[in-house]
*Asks:* 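Below: one structure in structure tokens.
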Amino acid sequence: MLADQVEVLIEQYGTDVYRFCSRLCRNRADAEDLYQKTFLKVLELSVEVNRDGNPKAFLFSVTNGLWMNEVRKMARHSRIAPSVSLDDDNENLSADQVDLESEVLARIRDGVLRKIMEELPEKFRIPVILYYTCEVSLEEIGKIMKKPTGTIKSRLHKARSIIKKRLEEQGYEYAG
């Protein structure tokens with residue numbers, strides 16, 4: 001794909017792709033990396049994006065593929081070299097780093113619903129993000145995740161059930 005075509009895609013869909021990356025990564029730096037990797041991958045592909053089709057779904061599909069590869073890499077890495085806890089090693093960090101870390105942790109913990117969403121398994125979380133945050137249709141989510149539409153419907157239903165149950169456990173009542 002030509003660079004000017006990728007520029008047009010960035011102008012039209014960059015915000016939506018970045019929002020999707022942010023929801024997947026839950027970390028600004030990782031989201032920015034995934035965003036850049038997405039458009040670099042699109043630039044590398046020798047695929048012509050069909051304007052009559054759904055370029056946004058194509059971009060989400062590329063993003064999702066890159067994300068799933070990253071998740072598999074992280075899982076493999078954690079099995080090979082488990083991370084070490086930094087419980088009392090904060091004296092080696094500067095005050096700015098500790099403040100930044102505290103701010104990031106506070107944002108992650110902010111809001112009961114966000115916490116519940118973060119705890120959802122990937123197979124439920126990704127369709128919820130795409131459907132409710134990015135307003136992608138069920139059929140397009142199916143194409144992005146390479147699953148039948150019925151499976152996506154089922155996963156959305158299950159995710160809503162899990163979210164409802166956990167909200168009720170936290171003391172929130174269904175007002176429907």
Side-chain angles (χ1 to χ4, degrees), residues 9-10 12-42 54-80 82-83 85 100-176:
L9 290 175
I10 292 171
Q12 291 178 340
Y13 306 108
T15 304
D16 294 328
V17 172
Y18 183 75
R19 186 179 310 124
F20 183 47
C21 292
S22 295
R23 300 287 182 177
L24 287 174
C25 297
R26 297 173 260 167
N27 172 316
R28 186 178 193 174
D30 291 342
E32 289 171 359
D33 286 346
L34 182 59
Y35 176 82
Q36 289 177 0
K37 287 177 186 177
T38 297
F39 286 104
L40 284 173
K41 184 69 170 178
V42 170
N54 191 342
K56 185 169 144 180
F58 169 73
L59 293 171
F60 286 156
S61 181
V62 171
T63 304
N64 186 56
L66 292 169
W67 172 249
M68 294 311 292
N69 287 343
E70 194 64 32
V71 167
R72 283 189 289 272
K73 262 192 250 179
M74 287 187 291
R76 198 170 35 244
H77 177 72
S78 67
R79 283 192 311 264
I80 295 170
S83 61
S85 175
L100 179 62
E101 182 180 347
S102 299
E103 182 180 327
V104 169
L105 290 174
R107 285 185 185 178
I108 289 173
R109 289 185 219 136
D110 192 22
V112 174
L113 186 57
R114 179 175 289 173
K115 187 174 189 299
I116 292 170
M117 284 289 298
E118 288 176 1
E119 293 171 351
L120 283 176
E122 293 289 321
K123 71 180 190 177
F124 299 125
R125 194 166 63 88
I126 291 172
V128 169
I129 291 168
L130 286 169
Y131 190 75
Y132 291 106
T133 304
C134 302
E135 299 175 359
V136 178
S137 72
L138 295 172
E139 293 78 20
E140 293 298 328
I141 295 171
K143 289 177 187 174
I144 290 167
M145 297 187 72
K146 298 176 178 74
K147 301 287 181 197
T149 304
T151 300
I152 300 304
K153 286 180 183 178
S154 172
R155 288 182 181 182
L156 279 173
H157 178 76
K158 178 70 174 171
R160 285 190 295 261
S161 297
I162 292 170
I163 292 168
K164 181 180 179 230
K165 179 181 175 195
R166 291 187 183 163
L167 283 172
E168 288 172 349
E169 288 171 356
Q170 295 286 327
Y172 295 90
E173 293 183 24
Y174 179 66

*Asks:* Drop me the distance from I152's CD1 to S137's OG, to the nearest 0.5 angstrom.
*Replies:*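 I152 atom CD1 to S137 atom OG measures 10.5 Å (nearest 0.5 Å).
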*Asks:* What are the two closest non-hydrogen atoms of L120 and A159, and how far apart are they?
*Replies:* CD1-CB, 4.4 Å
*Asks:* Might you work through the side chain to side chain contact (heavy atoms under 4.5 Å, CB included) test for E70 and K37, ending with a clear yes or no?
*Replies:* CA-CA 11 Å; E70 194 64 32; K37 287 177 186 177; 3.7 Å; yes
*Asks:* What's the spacing between F124 CZ and I129 CD1 if we round to 0.5 Å?
*Replies:*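 Interatomic distance, F124 CZ to I129 CD1, rounded to 0.5 Å: 13.5 Å.
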*Asks:* Using the rule given for salt bridge (Lys or Arg N to Asp or Glu O under 4.0 Å), can you reason through E32 versus R28, listing the C-alpha separation, both sets of side-chain angles and the distance that settles it, and then say yes or no?
*Replies:* CA-CA 6 Å; E32 289 171 359; R28 186 178 193 174; 3.3 Å; yes
*Asks:* Heavy-atom count check: over 12 atoms from other residues, nucleotides or ligands less than 6.0 Å from R23 CZ?
*Replies:*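 12 or below, so no.
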*Asks:* Rounded to the nearest 0.5 Å, how far does CZ of R26 lie from CE of M117?
*Replies:* 9.0 Å
*Asks:* Measure the spacing between NZ of K158 and OG1 of T151 and express it to the nearest 0.5 Å.
*Replies:*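 One finds 14.5 Å between NZ of K158 and OG1 of T151.
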*Asks:* Quick one: closest heavy-atom pair of D16 and F60, and the distance?
*Replies:* O-CE2, 3.6 Å
*Asks:* Work out which heavy atom in R125 is nearest to a heavy atom in L24; give both atom names and the distance.
*Replies:*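 That would be NH2-O, 3.3 Å.
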*Asks:* If we ignore angles and hydrogens, is there a donor and acceptor under 3.5 Å between the side chains of Y132 and R160?
*Replies:* yes
*Asks:* Identify whether the distance between the nearest side-chain nitrogen and carboxylate oxygen of E168 and K164 falls below 4.0 Å.
*Replies:*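 Salt bridge present between E168 and K164.
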*Asks:* With a 3.5 Å distance limit and no angle check, can you tell me whether K56 reaches the backbone of C134 through a side-chain donor-acceptor pair?
*Replies:* yes
*Asks:* Taking 4.0 angstrom as the limit, do K115 and E118 come out as a salt bridge?
*Replies:*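 Between E118 and K115 there is no salt bridge, as every charged N stays at least 4.0 Å from the carboxylate O atoms.
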*Asks:* Side-chain contact, heavy-atom cut-off 4.5 Å: K147 with R155?
*Replies:*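 Yes, side chains in contact.
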*Asks:* With a sphere of 6.0 Å drawn around CZ of F39, does it hold more than 12 non-hydrogen atoms of other residues, nucleotides or ligands?
*Replies:*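 Yes, because the 6.0 Å sphere around CZ of F39 holds more than 12 heavy atoms from other groups.
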*Asks:* Over all heavy atoms of both residues, which pair between I141 and P127 is shortest? Give the atoms and the distance, please.
*Replies:* CD1-O, 3.9 Å
*Asks:* Taking the basic N atoms (NZ, or NE/NH1/NH2) and the acidic carboxylate oxygens, is any pair closer than 4.0 Å for R166 and E169?
*Replies:* no
*Asks:* Kindly compute the distance separating CG (L59) from NZ (K41), expressed to the nearest 0.5 Å.
*Replies:*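 Those atoms lie 13.5 Å apart.
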*Asks:* Could you tell me whether the side chain of E140 reaches within less than 4.5 Å of the side chain of L130, counting heavy atoms only?
*Replies:*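 No. Closest side-chain heavy atoms not under 4.5 Å.
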*Asks:* Is there a side-chain contact between F20 and T38, using heavy atoms and a 4.5 Å cut-off?
*Replies:* no
*Asks:* I would like to know whether Y35 and I10 meet side chain to side chain contact (heavy atoms under 4.5 Å, CB included); could you show each step before the answer?
*Replies:* CA-CA 10 Å; Y35 176 82; I10 292 171; 3.5 Å; yes
*Asks:* Heavy atoms only: give me the nearest T63-C21 pair and the separation to one decimal.
*Replies:*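 For T63 and C21, the tightest heavy-atom pair comes out as CG2-SG, 3.7 Å.
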*Asks:* Looking at every heavy atom in both P55 and L9, which two are closest together, and how far apart are they?
*Replies:*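 Where P55 meets L9 most closely, the heavy atoms are CB-CD2, 3.9 Å.
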